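Before any comments, here is the structure.
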Amino acid sequence: MSSRGNFSGRIGFILTAAGSAVGLGNIWKFPYLAGQNGGAVFLFIYLICVFLLCYPVMVGEISIGRRAGLDAYGSYTKLGGRRWGLLGLFGIMVGIFILSFYNVVAGWAFGYFLHISFGDLLNQTDFSSFFGLFVNDLLDLSSAEGLANSNFIFSMVFMAMTAFIVARGIQSGIEASNKIMMPILYLILIGIIVYALTLPNAISGVKFYLIPDFAELKIQTLFEGLKQAFFSLSLGMGTLMTYGSYLKKTENIPSSVAVISVADTSVAFLAGLMIFPLVHFLQFKLQVTEVATAGPPLIFIVLPQIFHEMGPLLGRIVGGLFFLLVCFAALTSTISLLEVPVAYLVDQKKMSRKKVSWAIALLIFILGLPIMASQGMIPALNKLAFYKGQDYLVFVADMCDISLTVGGCLMCIFITRRWKIHNMHDELEIGNPGYKNSFLKKYLSVTIQYVCPVLLGILSILIIIDKFFGIDRIFN
Ligand code: TRP
């Protein structure tokens, strides 16, 4: 193996790739999307996207990375020439933007973890206004305590943890940290689910989550499901390509990808099974029929209120563990995002991993400043005139979402037209003797050459139309 570093083996790779996949997308976004889009109907659409579109794209991405043994730009350039290298660069840019907003939200979760475990956050009476003040508390220089409680510091520390791990390299930094955090994450998740299911009214939450409501089925449900699946599986911008480049030739890619997809999907599913019983417990406590669960409020406003209802000690324990879970999920993802530009500079410019990790982390942290300020501090960023009055965070996140499906579509075109599918098959046969005559080989041939590029292309265009003009207005 080269001096670039590599994963120690199958378990290390799978846990690390699953760590990238499992993140805020699973724990924070999936449950509220499912809640808004008809519960099990959304889950069903999501699963179809995973099978039909995400699985082949993930196999493709990892094979490209392992064949080339380089960063995203280097991989496309080596297998396809300089022009295709631009697609790698595009992915690296998208990753930088994803991390710039992702780290801000991770910083909020980190702040909540500290405030709940060691402070008095749960003594609030109005969690909604608390959250509003919290996200706008960027930098309070009036006292040492104020400074330590600033969002600026929370997200800076979160980015520093990310840089610290990435700087240590693949095996002793990235893989080692995932091997610790991922098992703990699963344990906490299962623990909270078991506890939540014992609470009053929990079953009504499970029903709400699992009984499909077909009235909610709209074309947008499909868009949301697809975007969410791509984001949740970390596809479309080169994260898994980069991780694949550190994978040994003896590992079986298709079966690893199956495990990673199942791991990610199960965490998303379980997160809903943790959150809806809690939400319905709250409805029971407050004697209301509905609490708003859309968007960020779900984990930063509704859940703290639930932990508050549990009483001081239990609330602190369950709430603290919940936000620790969110922090671990986020950290294993921020690591994978930072690794993409770091690998690029290490491979292409021969720079030192240590220096590059810290320098890029700082750059991305700075890119995150307007995102922090967009939560109310700077009104122009809080209500973007050209984007239906939504804030800059939402805008950046939406643009990244779109770039992922477009990136996935272009990757399939790259495999089909430039690299050629038989080269991908050759790569997949290594470490997998039965592949040659398998059904899987036919499935991947059809999906990567036809189904994925066509569907991803059409859907990406529809998603863009919907974002900027609203598809209902055009087709109704
Ligand atoms: N998948 C992660 C989540 O669900 C986020 C993430 C990490 C990501 N790396 C990525 C998203 C690369 C897109 C592309 O939270």
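Order of appearance sets the numbers: ligands from 1, and atoms from 1 within every ligand. All figures in this text were calculated on a predicted structure; none of them were measured in a lab. Residue indices begin at 1 and follow the sequence shown.
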Which atoms of ligand 1 have any heavy atom of [X] under 4.0 Å away?
X    : answer
S336 : 7 (C), 9 (N)
S232 : 1 (N), 4 (O)
I98  : 13 (C), 14 (C)
Y102 : 2 (C), 3 (C), 5 (C), 15 (O)

* Asked: Once the angle between the rings of Y112 and F131 is folded into 0 to 90°, is it parallel (under 30°), tilted (30 to 60°) or perpendicular (over 60°)?
  ->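 Plane angle over 60°, so perpendicular.
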
* To do: Could you tell me how the ring of Y76 sits relative to the ring of W84: parallel (under 30°), tilted (30 to 60°) or perpendicular (over 60°)?
  =>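 Parallel.
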
Give yes if a backbone or side-chain nitrogen or oxygen of [X] is under 3.5 Å from a nitrogen or oxygen of ligand 1, and no if not.
X    : answer
L404 : no
L337 : no
S333 : no

* Best match, G25, G19, G23, S20: closest heavy atom to atom 2 (C) of ligand 1 ->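 Going through G25, G19, G23, S20 one by one, S20 has the nearest heavy atom to atom 2 (C) of ligand 1.
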
* Counting heavy atoms only, name the option from E339, K29, M237 that's nearest to atom 12 (C) of ligand 1. =>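 That would be M237.
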
* **Residue portion contacting ligand 1 (non-hydrogen atoms closer than 4.0 Å) for T334** =>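 Neither part.
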
* Just let me know how D264 lines up against ligand 1, side chain, backbone, both or neither, with a heavy-atom cut-off below 4.0 Å. =>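 Answer for D264: neither.
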
* Below 4.0 Å from any atom of ligand 1, is there a heavy atom belonging to F230? ->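 Contact check F230 vs ligand 1: negative.
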
* **F269 and its ring pair (Phe, Tyr, Trp, His ring centres under 6.0 Å) partner, picked from Y209, F42, F276, F44** =>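 Exactly one pass, corresponding to Y209.
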
* Taking atom types as modelled and ignoring hydrogens, do the side chains of S234 and T239 form a donor-acceptor contact shorter than 3.5 angstrom? ->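 Checked: S234/T239 side chains show no N/O donor-acceptor pair below 3.5 Å.
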
